[in-house]
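Single-structure report; data block below.
Chain naming here is simple, since letters A, B, ... match the order of the sequence lines and numbering starts at 1 in each.
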Amino acid sequence: MAKNSDNNRRKFMATTLQSVGLTALGGLLWSGYSDEAKASPLVLRPPAALPEDDFLKACIKCGLCAEACRNRDSNKDRDGNPRPSTLQMAKGGEHKLIGTPFFVPTDVPCYMCDDIPCVPVCPSGALDEASVTNEKGELDINMARMGLAVVHKESCVAFWGLQCDACYRACPLLDEAITLEYHKNERTGKHAFLLPVVHSDVCTGCGLCEKACVTEEPAIFVLPVEYATGKAGTHYVKGWDTQDQNRLKDAKEIHTVTERSEKEAADYLNMEVEY
Amino acid sequence: MKKFKYLLLRRATQLLLLVLYFGANAYGWHILEGTFGSSVLFGVIPLADPYTTLQVLATGFVLGTDVLLGAAIITLFYFVVGGRAFCSWVCPINMVTDLANWLRRRLKLDKEEVNYRFLKRSARYWIMVLGLIVSAVVGVAAFEVLSPITIMQRGIIFGFGAGIAVVVAIFLFDLFGVKNGWCGHLCPLGATYSLIGQKSLIRVKHDHEACTNCMECKIVCPENQVLWMVNKESVSVTDGECTNCGRCIDVCGDNALEFSIRSFATRKQSKGVKNETNG
Ligand code: SF4
Ligand code: SF4
Ligand code: SF4
Ligand code: SF4
Ligand code: SF4
């Protein structure tokens, strides 16, 4: 009898251990796979989307944003049928986290709807209405930052001296998000370059410019903001900018002493230095 | 027809829901929009899947109230009608695994019951917990990354892509691998609903006196461990793993099984049931 219960206990321990072990194994594989599956850095998200990391946590993959985008009143063709929507839901094999909304400007760019139908419907908070609401409490699509347009000047034909301002004209924030800069064309001597320049403080990343670009592969294209921007760092101070100068007000001098700095500076131009 | 009453009702419900979801995207209907993860009923009532909601919460994200309220509504609903009614009346994967199971019987693949040592029916509860842990570690709702349920549903609404592979895999696994392998052993969503429906009101009730011990019910039941009382005792099926699919009721030629409102004093009534439900 005692032996039997001993056996039972041993068996129970073994099964428990096995279950725990297998669960741990499964957990490792599952984590690895999920981590891999969410790595899709170059994807453009709907307006008002949280930063990618939070967005991936939050989005419950309901598709309500994509449905609102597709069925909005402004998205009808002449017969009143809905056109393809800007927002698509990631499918298996598209190498984006499955079931999350995204858009590809060369397929369908975002038309920057005034009433932003895609955002208020989001039940999870993955699309943050507050980030596209101005002080007056109105929705304002110009506050969206889906990405940032970047011009590749070598393939942009305007940089060759041809006249093309397709992107500039397509931009809903014409003369604000994209401006044209005039430069003299030294090659011909009598023509001007009309160069498109994007301003990152205004560009929403809608991709209308990318869609409009005339070159075989768009010379202007939208990248997620963090991939399209650099960062100068805090140690640069704009000496001509009083605001920026203020940063130095409470700065303390940091004096580093090294073996080298202990020596006098050598006036080697005027000294006859012997080597 | 009686032999297929609940089966047909279930298929009709499952397909109707899919049509409504499909129409919400394709034609802009406002009846049932979204997906199982989170939906909107009649343009106002939020609905959300409890397990998906838990996964998102596990990532540490503070969810919007729409989802929280939606999850509460769904939990309450299935708490009453039987948690796994979701499985047999709503979930599209159920059609796939039922088909696999039916084919299995047809092809007589069931004759030799293989003993899968590693795969117990309890595995799904481990997976359910594991899914929450992985969600917390990786920072993404972990089951949603591979859930055949939402992949199939979104496939129907927005197009499948390569996602169809998951659905096919489940079908093959259930057909050639383990009997009721996915829904009966692995699916953490089914596990969650099993827990939710533990105390549900609507239950299948067995009438031991009417039973002729033909065992048809146990053959069709996807969770036949819950039918332990057949030809033994006249009690309700109280196990949360019962999917309330009613297949057992359909196939029983002797009216020994019927849906009933759960009687909390189970052992007291044993006859009665037949009279109530003969209509
Ligand atoms: S703002 Fe853009 S993404 Fe949103 S509904 Fe309009 S076109 Fe679609
Ligand atoms: S509406 Fe929100 S939660 Fe739903 S798919 Fe879109 S971003 Fe994700
Ligand atoms: S993405 Fe292009 S079109 Fe859209 S706002 Fe920016 S510059 Fe303008
Ligand atoms: S449309 Fe393309 S080629 Fe033309 S100016 Fe713009 S970026 Fe250059
Ligand atoms: S167990 Fe899972 S896949 Fe099977 S029917 Fe239930 S929810 Fe759907």
Using 0.5 Å steps for rounding, measure from the [atom1] atom of [X] to the [atom2] atom of [Y].
{"X": "Leu87(A)", "Y": "Phe158(B)", "atom1": "CG", "atom2": "CZ", "answer": "10.0 Å"}
{"X": "Leu64(A)", "Y": "Thr35(B)", "atom1": "CG", "atom2": "OG1", "answer": "7.0 Å"}
{"X": "Leu63(B)", "Y": "Lys57(A)", "atom1": "CG", "atom2": "NZ", "answer": "12.0 Å"}
{"X": "Ser31(A)", "Y": "Ile133(B)", "atom1": "OG", "atom2": "CD1", "answer": "9.5 Å"}
{"X": "Cys62(A)", "Y": "Leu47(B)", "atom1": "SG", "atom2": "CG", "answer": "11.5 Å"}
{"X": "Glu67(A)", "Y": "Tyr27(B)", "atom1": "CD", "atom2": "OH", "answer": "13.0 Å"}

Could you check whether atom [atom1] of [X] has more than 12 heavy atoms from other residues, nucleotides or ligands sitting under 6.0 Å from it?
{"X": "Glu138(A)", "atom1": "CD", "value": "yes"}
{"X": "Phe160(B)", "atom1": "CZ", "value": "yes"}
{"X": "Arg169(A)", "atom1": "CZ", "value": "no"}
{"X": "Asp114(A)", "atom1": "CG", "value": "no"}
{"X": "Asp53(A)", "atom1": "CG", "value": "no"}

Check each atom of [X] against the heavy atoms of chain B and say whether the ones under 4.5 Å are side chain, backbone, both or neither.
{"X": "Leu28(A)", "result": "neither"}
{"X": "Lys61(A)", "result": "both"}
{"X": "Ala37(A)", "result": "side chain"}
{"X": "Leu97(A)", "result": "side chain"}

Exercise. Are Ser124(A) and Val56(B) close enough, and set up right, to give a side-chain contact (heavy atoms from CB on, under 4.5 Å), and what steps lead you there?
Worked result: CA-CA 9 Å; Ser124(A) 67; Val56(B) 176; 6.0 Å; no

Taking [options] one by one, which has the highest count of heavy-atom pairs under 4.5 Å against chain A?
{"options": "Thr52(B), Thr53(B), Val140(B)", "result": "Val140(B)"}
{"options": "Ser38(B), Ala141(B), Ala48(B)", "result": "Ser38(B)"}
{"options": "Thr65(B), Thr59(B), Val166(B), Asp66(B)", "result": "Thr59(B)"}
{"options": "Gly28(B), Ala142(B), Gly161(B), Ser147(B)", "result": "Ala142(B)"}
{"options": "Leu130(B), Val145(B), Val137(B)", "result": "Leu130(B)"}

Seminar exercise, completed: All heavy atoms of Glu144(B) vs all of Ile98(A), minimum pair found to be O-CG2, 3.7 Å

Taking [X] for the side chain and [Y] for the main chain, is one N or O donor matched with an acceptor at less than 3.5 Å?
{"X": "Asp54(A)", "Y": "Phe61(B)", "value": "no"}
{"X": "Arg70(A)", "Y": "Ala26(B)", "value": "yes"}
{"X": "Lys91(A)", "Y": "Ile151(B)", "value": "no"}

For this session: Measure distances from Ala165(B) to the heavy atoms of chain A and classify the residue's part below 4.5 Å as side chain, backbone, both or neither.
Result: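 For Ala165(B), no heavy atom lies under 4.5 Å from chain A.
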
Problem set entry | Heavy-atom contact with chain A under 4.5 Å, split by part of Ile127(B) | both

Problem set entry | Test item: Trp126(B) and Leu22(A) side chains (from C-beta on) under 4.5 Å apart, heavy atoms |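 They are not in contact (no side-chain heavy atoms under 4.5 Å apart), so the answer is no.
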
Problem set entry | Minimum side-chain heavy-atom gap Leu146(B)-Trp30(A) below 4.5 Å | yes

For this session: For chain B, find which of Gly125(A), Gly93(A), Gly27(A) contributes the most heavy-atom pairs closer than 4.5 angstrom.
Result: Gly27(A)

